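For clarity, every value in this text was computed on a predicted model and none was experimentally measured.
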Amino acid sequence: MRFMMIVKASTDSEAGKMPSSELIEAMQKYNEELVKAGVLLAGDGLQPTKTGIRISYPEPGGKPNIVDGPFTETKEIIAGYTLIEVSSREEAIEWALRMPDPHGFGEGQIELRQVFEAEDLTDNPELLEKEAALREELKKA
């Protein structure tokens with residue numbers, strides 16, 4: 001099972017304030033633990049929304065709207081993520097609880113979400129085979 005730990009933005013992360021060296025060190029140690037356990041698939045911090053672009057589709061089949069950042073609703077903004085593969089929901093929660101406070105100062109918030117697997121979305125053998133082939137191609141890259 002794959003889970004994404006979504007780190008919510010804070011006013012500091014949206015202002016572009018870099019984390020302290022202590023927090024960077026703690027996150028590096030945490031990531032090393034994830035790697036040693038063989039559960040880390042990916043993880044990155046994201047730049048503030050002032051460098052972002054939002055694309056919305058207000059009309060079905062219509063032209064998309066493109067809006068440059070920054071975006072104001074900080075509570076809903078993602079500042080980073082960690083993608084893990086574990087054997088259970090409980091194990092995912094355990095790993096999320098071990099993550100250092102992502103922003104320090106008690107402002108950190110992590111949302112844990114399970115990732116859909118291809119089998120969750122379809123039982124069509126042809127589509128499942130195509131998905132498996134794409135994932136194998138990714139491993140080669």
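With rounding to the nearest 0.5 angstrom, the NZ atom of Lys130 is 11.5 Å from the OG1 atom of Thr122. The OG atom of Ser56 sits 13.0 Å away from atom NZ of Lys63, with the distance rounded to the nearest 0.5 Å. Rounding to the nearest 0.5 angstrom, the gap separating the CG atom in Asn31 from the NZ atom in Lys36 is 12.0 Å. For the atom pair CG (Asp101) and CD (Gln109), the distance works out to 11.0 Å, reported to the nearest 0.5 Å. A distance of 10.0 Å separates CG of Leu41 from CG of Leu34, quoted to the nearest 0.5 Å. The OG1 atom of Thr82 lies 8.5 Å from the CE atom of Met4; values are rounded to the nearest 0.5 Å.
When all heavy atoms of Ala96 and Ile110 are compared, the closest pair comes out as O-CD1, 3.9 Å. Counting all heavy atoms, side chain and backbone alike, Glu119 lies closest to Leu128 at N-CD2, 3.8 Å. Nearest heavy-atom pair, Tyr30 versus Met5, reported as atom, atom and distance to 0.1 Å: OH-CE, 3.3 Å. Here the closest non-hydrogen pair linking Ile55 and Pro64 is CG2-CB, 3.8 Å. For the pair Thr51 and Gln47, the tightest heavy-atom approach, listed with the atom from each and the gap, is OG1-OE1, 3.4 Å. Considering every non-hydrogen atom in both Ala79 and Ser13, the closest pair reads CB-OG, 4.0 Å.
Connection of Leu46 to Val115 is established within a shared hydrophobic cluster, with ILVMFWY side chains joined at heavy-atom distances below 4.5 Å, either directly or through further cluster members. Hydrophobic clustering of Ile, Leu, Val, Met, Phe, Trp and Tyr side chains at less than 4.5 Å, counting indirect connections, keeps Leu83 apart from Trp95. One hydrophobic cluster, built from ILVMFWY side chains closer than 4.5 Å, holds both Leu40 and Phe3. Note on Met27 and Met18: separate hydrophobic clusters, where clusters join Ile, Leu, Val, Met, Phe, Trp and Tyr whose side-chain heavy atoms are under 4.5 Å apart, directly or indirectly. By the criterion of side-chain heavy atoms lying less than 4.5 angstrom apart, applied directly or through intervening Ile, Leu, Val, Met, Phe, Trp or Tyr residues, Ile6 is not grouped with Ile84; the two fall into different hydrophobic clusters.
Using a 4.5 Å heavy-atom cutoff, the side chains of Met1 and Gln114 are in contact. The side-chain heavy atoms of Leu23 and Pro100, taken from C-beta on, include a pair separated by under 4.5 Å. Between Val7 and Tyr81, the closest side-chain pair of non-hydrogen atoms is not below 4.5 Å. The closest side-chain heavy-atom distance from Ile93 to Leu97 is below 4.5 Å. Side-chain contact between Val39 and Glu85 is absent, with no heavy atoms from C-beta onward closer than 4.5 Å.
Counting non-hydrogen atoms of neighbouring residues, nucleotides and ligands closer than 6.0 angstrom, the CD atom of Glu129 reaches no more than 12 such neighbours. Heavy-atom contacts from other residues, nucleotides or ligands closer than 6.0 Å to CD of Glu25 number 12 or fewer. Within a 6.0 Å radius of CG in Asp123, other residues, nucleotides and ligands contribute 12 heavy atoms or fewer.
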* Between Glu136 and Lys139, does a salt bridge (charged side-chain N to carboxylate O under 4.0 Å, His left out) hold up when you go through it step by step? -> CA-CA 5 Å; Glu136 283 302 313; Lys139 288 179 184 177; 3.4 Å; yes
* **Audit row: Lys50, Glu14, side-chain contact (heavy atoms from CB on, under 4.5 Å) steps and yes/no** => CA-CA 8 Å; Lys50 67 182 176 188; Glu14 271 301 287; over 6 Å; no
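Between the side chain of Arg54 and the backbone N or O of Ile66, no donor-acceptor pair lies under 3.5 Å.
Contact check on Arg135 versus Glu131 returns a salt bridge, with a Lys/Arg side-chain nitrogen under 4.0 Å from an Asp/Glu carboxylate oxygen.
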